[in-house]
Amino acid sequence: MPIMMDADALSVFMKDVFKQVADDFAIDHVGETDLTTRLLTADRHLRPGGTVSGPSIFALADVSAYLMTLARIGPKALAVTTNCSIDFMRKPAANTDLIAKTRLLKLGKLLSICDVLVYSDALEEPVARASLTYAIPPR
(Lines give C-alpha, C1' and ligand atoms only; values in the text may rest on other atoms or scores of the structure.)
Protein backbone atom coordinates (compact mmCIF):
# COMPACT_ATOMS: atom_id res chain seq x y z
CA MET A 1 0.00 0.00 0.00
CA PRO A 2 1.51 3.35 -0.99
CA ILE A 3 1.60 6.54 1.04
CA MET A 4 -1.88 8.12 1.01
CA MET A 5 -0.92 11.38 2.79
CA ASP A 6 2.41 13.21 2.66
CA ALA A 7 3.78 15.61 5.28
CA ASP A 8 1.85 18.61 3.91
CA ALA A 9 -1.46 16.71 3.79
CA LEU A 10 -0.95 15.37 7.31
CA SER A 11 -0.16 18.88 8.63
CA VAL A 12 -3.30 20.33 7.02
CA PHE A 13 -5.37 17.44 8.40
CA MET A 14 -4.03 18.03 11.93
CA LYS A 15 -4.85 21.75 11.71
CA ASP A 16 -8.42 20.87 10.62
CA VAL A 17 -9.10 18.03 13.07
CA PHE A 18 -6.82 18.72 16.07
CA LYS A 19 -6.28 22.46 15.90
CA GLN A 20 -5.89 22.60 19.71
CA VAL A 21 -2.52 20.79 19.51
CA ALA A 22 -1.51 20.85 15.83
CA ASP A 23 0.95 23.71 16.29
CA ASP A 24 2.87 21.70 18.91
CA PHE A 25 4.11 19.23 16.27
CA ALA A 26 6.08 19.29 13.03
CA ILE A 27 6.44 16.48 10.49
CA ASP A 28 9.99 16.08 9.18
CA HIS A 29 9.69 12.91 7.07
CA VAL A 30 7.03 10.49 5.81
CA GLY A 31 7.99 7.13 4.31
CA GLU A 32 6.07 3.93 3.60
CA THR A 33 7.02 2.41 6.95
CA ASP A 34 8.67 5.27 8.81
CA LEU A 35 7.83 8.77 9.94
CA THR A 36 9.81 11.43 11.80
CA THR A 37 8.00 14.08 13.82
CA ARG A 38 8.98 16.58 16.47
CA LEU A 39 7.45 18.18 19.49
CA LEU A 40 8.19 21.89 19.31
CA THR A 41 8.96 22.08 23.01
CA ALA A 42 7.71 25.17 24.86
CA ASP A 43 7.33 26.13 28.53
CA ARG A 44 3.89 24.46 28.67
CA HIS A 45 5.57 21.08 28.00
CA LEU A 46 7.97 21.33 30.94
CA ARG A 47 7.72 19.98 34.44
CA PRO A 48 9.59 20.89 37.60
CA GLY A 49 13.20 19.76 37.43
CA GLY A 50 13.88 21.29 34.02
CA THR A 51 12.67 18.48 31.79
CA VAL A 52 9.87 17.71 29.34
CA SER A 53 6.82 16.18 31.06
CA GLY A 54 5.81 12.55 30.61
CA PRO A 55 2.40 13.50 29.18
CA SER A 56 4.14 15.64 26.53
CA ILE A 57 6.41 12.73 25.58
CA PHE A 58 3.38 10.42 25.43
CA ALA A 59 1.55 12.95 23.23
CA LEU A 60 4.44 12.99 20.76
CA ALA A 61 4.53 9.18 20.59
CA ASP A 62 0.75 8.95 20.23
CA VAL A 63 0.49 11.65 17.55
CA SER A 64 3.40 10.08 15.68
CA ALA A 65 1.75 6.63 15.54
CA TYR A 66 -1.53 8.29 14.50
CA LEU A 67 0.18 10.20 11.69
CA MET A 68 2.09 7.10 10.52
CA THR A 69 -1.20 5.22 10.34
CA LEU A 70 -2.97 8.04 8.48
CA ALA A 71 -0.06 8.36 6.05
CA ARG A 72 -0.96 4.85 4.88
CA ILE A 73 -4.76 4.70 5.24
CA GLY A 74 -5.69 8.30 4.40
CA PRO A 75 -7.63 10.92 6.40
CA LYS A 76 -9.62 8.86 8.90
CA ALA A 77 -10.11 11.09 11.92
CA LEU A 78 -11.70 8.29 13.96
CA ALA A 79 -8.65 6.01 14.04
CA VAL A 80 -8.05 5.68 17.79
CA THR A 81 -5.38 4.44 20.17
CA THR A 82 -6.29 1.04 21.58
CA ASN A 83 -3.03 0.29 23.37
CA CYS A 84 0.16 2.06 24.40
CA SER A 85 3.15 0.90 26.36
CA ILE A 86 5.81 3.52 27.03
CA ASP A 87 9.18 3.37 28.75
CA PHE A 88 10.77 6.61 29.93
CA MET A 89 14.53 5.99 29.80
CA ARG A 90 16.34 9.31 30.19
CA LYS A 91 15.68 12.90 31.16
CA PRO A 92 15.26 14.98 27.98
CA ALA A 93 16.73 18.45 27.71
CA ALA A 94 14.20 21.17 28.55
CA ASN A 95 15.05 23.73 25.90
CA THR A 96 15.19 21.59 22.78
CA ASP A 97 12.72 19.77 20.54
CA LEU A 98 11.87 16.12 21.01
CA ILE A 99 12.13 13.98 17.88
CA ALA A 100 10.07 10.82 17.34
CA LYS A 101 11.22 8.17 14.91
CA THR A 102 8.25 5.94 14.17
CA ARG A 103 8.25 2.55 12.46
CA LEU A 104 5.10 0.92 11.16
CA LEU A 105 5.40 -2.72 12.21
CA LYS A 106 2.07 -3.98 10.88
CA LEU A 107 -0.85 -2.49 9.01
CA GLY A 108 -3.95 -4.65 8.80
CA LYS A 109 -7.59 -3.98 7.98
CA LEU A 110 -8.48 -3.23 11.61
CA LEU A 111 -5.22 -2.47 13.43
CA SER A 112 -2.01 -0.53 12.94
CA ILE A 113 0.99 -1.33 15.15
CA CYS A 114 3.87 1.12 15.52
CA ASP A 115 7.10 1.39 17.47
CA VAL A 116 8.30 4.89 18.41
CA LEU A 117 11.71 5.98 19.67
CA VAL A 118 11.76 9.48 21.15
CA TYR A 119 14.98 11.48 21.21
CA SER A 120 15.90 14.80 22.73
CA ASP A 121 17.52 16.89 20.01
CA ALA A 122 20.47 17.34 22.40
CA LEU A 123 21.04 13.62 23.13
CA GLU A 124 22.23 10.67 21.03
CA GLU A 125 20.40 7.99 23.03
CA PRO A 126 16.58 7.74 23.09
CA VAL A 127 14.71 9.26 26.02
CA ALA A 128 11.62 7.06 25.60
CA ARG A 129 10.32 4.06 23.68
CA ALA A 130 6.68 3.38 22.97
CA SER A 131 4.67 0.66 21.29
CA LEU A 132 1.23 1.73 20.10
CA THR A 133 -1.74 0.02 18.49
CA TYR A 134 -4.36 1.99 16.59
CA ALA A 135 -7.83 0.77 15.68
CA ILE A 136 -8.73 1.61 12.09
CA PRO A 137 -12.38 2.52 11.48
CA PRO A 138 -14.29 0.21 9.16
CA ARG A 139 -14.45 1.31 5.54
K.L.:
With side-chain contact (heavy atoms from CB on, under 4.5 Å) as the criterion, how do Arg38 and Asp28 come out once you've worked through the C-alpha distance, each side chain's angles and the decisive distance to 0.1 Å?
P.N.:
CA-CA 7 Å; Arg38 63 180 58 232; Asp28 293 344; 2.9 Å; yes
K.L.:
Between CG of Asp24 and OG of Ser56, what distance do you get to the nearest 0.5 Å?
P.N.:
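One finds 8.0 Å between CG of Asp24 and OG of Ser56.
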K.L.:
For residues Val52 and Thr96, determine if any side-chain heavy atom of one lies less than 4.5 Å from a side-chain heavy atom of the other.
P.N.:
no
K.L.:
Are Arg103 and Asp34 within salt-bridge range, i.e. N to O under 4.0 Å?
P.N.:
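Result for this pair is no, no salt bridge flagged.
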K.L.:
Between atom CZ of Arg72 and atom CD of Glu32, what is the distance when rounded to the nearest 0.5 Å?
P.N.:
5.5 Å
K.L.:
Check the pair Ser112 / Ile73 against side-chain contact (heavy atoms from CB on, under 4.5 Å), numbers first and verdict last.
P.N.:
CA-CA 10 Å; Ser112 168; Ile73 68 171; over 6 Å; no
K.L.:
Among side-chain atoms of Asp62 and Tyr134, is any donor-acceptor pair under 3.5 angstrom?
P.N.:
yes
K.L.:
Run through Val30, Leu35, Val17, Leu10 and flag the one making a side chain to side chain contact (heavy atoms under 4.5 Å, CB included) with Leu70.
P.N.:
Leu10
K.L.:
Would you confirm whether the ring centroid of Phe18 sits within less than 6.0 angstrom of the ring centroid of Tyr66?
P.N.:
yes
K.L.:
side-chain contact (heavy atoms from CB on, under 4.5 Å) for Thr37 and Phe25? Distances and angles first, verdict last.
P.N.:
CA-CA 7 Å; Thr37 52; Phe25 304 98; 5.7 Å; no
K.L.:
Distance alone, cut at 3.5 Å: any donor-acceptor contact between the side chains of Thr82 and Thr133?
P.N.:
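No, Thr133 and Thr82 have no side-chain donor paired with an acceptor closer than 3.5 Å.
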K.L.:
Could you walk me through whether Asp115 and Ser131 satisfy the side-chain hydrogen bond (donor to acceptor under 3.5 Å, both in side chains) test, starting with their C-alpha distance in whole Å, then the side-chain angles of each, then the deciding distance to 0.1 Å, before giving a yes or no?
P.N.:
CA-CA 5 Å; Asp115 190 50; Ser131 175; 5.1 Å; no
K.L.:
Side-chain heavy atoms nearer than 4.5 Å, only ILVMFWY residues, links allowed to pass through others: does that put Ile27 and Ile3 together?
P.N.:
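Linked, Ile27 and Ile3 end up in one cluster.
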